[in-house]
Amino acid sequence: PLPPPSPTTRVAFEYAGPTGLTVVGPVTGLRYRFDGPGSLVDVDVRDRILLASIRQLRQVGSPKTT
């Protein structure tokens with residue numbers, strides 16, 4: 001059998017903009033979709049630096065391993 005996938009560390013971001021927002025992580029290539037104000041999305045910690053630089057996004061809580 002295959003080994004289990006390695007754990008990924010994720011961190012939640014909250015969106016405070018007026019409409020929706022989609023961001024593509026520069027490291028993972030994952031798409032993160034924030035549907036509207038107050039949306040919470042778990043983000044791979046490797047993409048955190050870019051998302052933290054977006055004014056309408058703020059990190060909430062501490063990173064967690066999934």
Side-chain angles (χ1 to χ4, degrees):
L2 294 172
S6 56
T8 301
T9 302
R10 303 185 70 77
V11 63
F13 275 83
E14 182 177 15
Y15 178 59
T19 61
L21 174 71
T22 300
V23 179
V24 177
V27 176
T28 66
L30 294 171
R31 288 182 183 265
Y32 303 108
R33 176 67 187 163
F34 298 87
D35 291 326
S39 294
L40 290 173
V41 174
D42 280 342
V43 172
D44 188 301
V45 74
R46 294 170 293 176
D47 293 326
R48 176 173 59 179
I49 292 174
L50 171 74
L51 275 79
S53 72
I54 298 172
R55 217 178 57 162
Q56 297 91 346
L57 296 176
R58 71 177 181 96
Q59 182 178 323
V60 292
S62 300
K64 57 186 177 251
T65 302
T66 57

Taking the side chain as C-beta and beyond, is there a heavy-atom pair between [X] and [Y] under 4.5 Å?
X: Gln59; Y: Val43; answer: no
X: Asp35; Y: Tyr15; answer: no
X: Leu51; Y: Phe34; answer: yes

Out of curiosity, Leu30 CG to Asp42 CG, how far, rounded to the nearest 0.5 Å?
12.0 Å

Candidates Asp44, Val45, Val41, Asp47 - the one meeting side chain to side chain contact (heavy atoms under 4.5 Å, CB included) with Arg10
Asp44

Which atom pair, heavy atoms only, marks the closest approach of [X] to [Y]?
X: Gly61; Y: Val11; answer: O-CG2, 4.3 Å
X: Val24; Y: Gly29; answer: CG1-O, 3.8 Å
X: Val27; Y: Arg46; answer: CG2-O, 3.3 Å

